2 protein chains.
Amino acid sequence: MCDASVTHAFSILGKRWNGMIIEVLGRGPLSFAALRRAVGGISDAVLSDRLTELAEAALLSRCVAPGPPVTVSYALTESGERLLPVLTDLGAWARDNLPLDSTS
Amino acid sequence: MCDASVTHAFSILGKRWNGMIIEVLGRGPLSFAALRRAVGGISDAVLSDRLTELAEAALLSRCVAPGPPVTVSYALTESGERLLPVLTDLGAWARDNLPLDSTS
DNA sequence: AGTCATTACTCTGTTTTTCAGAGCGACTCC
DNA sequence: GGAGTCGCTCTGAAAAACAGAGTAATGACT
């Protein structure tokens, strides 16, 4: 049987884009549009869905500044931040172990 | 811009099931059917696809014993094995930081 | 004032991925 | 012979992701 906690981790990270959203927010809060640009290649609709899920999982928080103009920023929670060192390790693993042409 | 090595890592791990397949194989080589049972919930077709991809990324190797009966086993490569400590950290992070009802 | 750009999304049809189940030949066991 | 397991492949359905358009509210520029 697959370890339940790893399964749990991949219920979030095994969905396209979540790992990258969290990694990008590791550098500081961003607006929706800035996030989309930073992640690169994600559609608005999917980004919106992902942000909702990640907020529901309490990995990030959504802050509305009433404006005008209204601005919304997304920031990692402490739980989200605690993932960052693991993401760093993942990046190091990929750099050293994944063939260059395995990206697809 | 999202870090290229994290993007690279998630080109593998951001696809459903890959993290779990690697984690299960961390305990030793398994046949196709045993893998399917150990991962739990994955379809044959997707398992077959994933194993092909992971083999192409050199994270696992597929060994055919000619039999009879023919048996096929899948084992992590060194590159695959090097991911295991990171997966352990991921599991620990999930246990301590993900709400119980975030699994979906 | 009008135009353009940006914002934070929502909506919609299309494409891709995953799911659920059936099937095959080769074997083993009763 | 029948039932079960193996390692897949195949197929149609459902879900996820993609690609692009749209909205009201702003701000900047001409």
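Worth saying up front: this structure is predicted, and the values here are computed from it rather than measured. The chains referred to below are lettered A, B, ... by the order of the sequence lines, with proteins before strands, and numbering in each begins at 1.
- The CD1 atom of B:I12 sits 14 Å away from the P atom of C:dT17 (whole-angstrom rounding).
- B:L30 places its CG atom 10 Å from the P atom of D:dG7, with the value rounded to the nearest Å.
- Taking atom CH2 of B:W17 as the reference point, atom C1' of D:dA16 lies 14 Å away to the nearest angstrom.
- Comparing B:R50 and B:D44 along DNA chain C, the residue whose closest nucleotide (by nearest heavy atom) sits nearer the 5' end is B:R50.
- In this structure, the side chain of B:H8 does not engage the main chain of B:D3 through any donor-acceptor pair within 3.5 Å.
- Taking 4.5 Å as the limit, every side-chain heavy atom of B:V24 sits out of range of all side-chain heavy atoms of A:V6.
- For A:F32 and C:dT6, the CZ to P distance is 15 Å, given to the nearest whole Å.
- Note on A:S48: every side-chain N or O is 4.0 Å or more away from OP1 and OP2 of C:dA8.
- Without hydrogens or angle criteria, B:S48 side chain to B:D44 main chain gives no donor-acceptor distance under 3.5 Å.
- Nucleotides of DNA chain C nearest to A:S73 and B:G41 differ in position, and the one nearer the 5' end is that of A:S73.
- Under the 4.5 Å side-chain criterion, counting only non-hydrogen atoms from C-beta, B:L51 is in contact with B:L35.
- The separation between A:D49 atom CG and D:dA15 atom P is 15 Å, rounded to whole Å.
- Summarising the geometry, the separation between NZ on A:K15 and P on D:dC18 is reported as 12 Å, rounded to the nearest angstrom.
- Proximity of a side-chain donor or acceptor of A:N18 to a complementary backbone N or O of A:I12 within less than 3.5 Å is detected.
- Side-chain contact between A:L83 and B:L90 is present, with heavy atoms from C-beta onward closer than 4.5 Å.
- In terms of phosphate contacts, A:S43 brings no side-chain nitrogen or oxygen within less than 4.0 Å of OP1 or OP2 of D:dG20.
- Here the nucleotide nearest the side chain of A:A33, chosen from C:dT18, C:dA20, C:dA8, is C:dA8.
- Residues A:I22 and A:L60 form no side-chain contact, since every pair of their non-hydrogen atoms from C-beta on lies 4.5 Å or further apart.
- Residues of residues 59-68 of chain A having a heavy atom closer than 4.0 Å to DNA chain D, listed by number: A:P68.
- Here D:dC8 presents its P atom at 14 Å from CZ of B:R37, a figure rounded to the nearest Å.
- Close to D:dA19, at under 4.0 Å from its OP1 or OP2, lies no side-chain N or O of A:R36.
- Regarding B:R16, its CZ atom lies at a distance of 18 Å from the P atom of D:dA14, rounded to whole Å.
- Of the candidate nucleotides D:dC8, C:dC9, D:dT11, D:dT11 has the atom lying nearest to any side-chain atom of B:A45.
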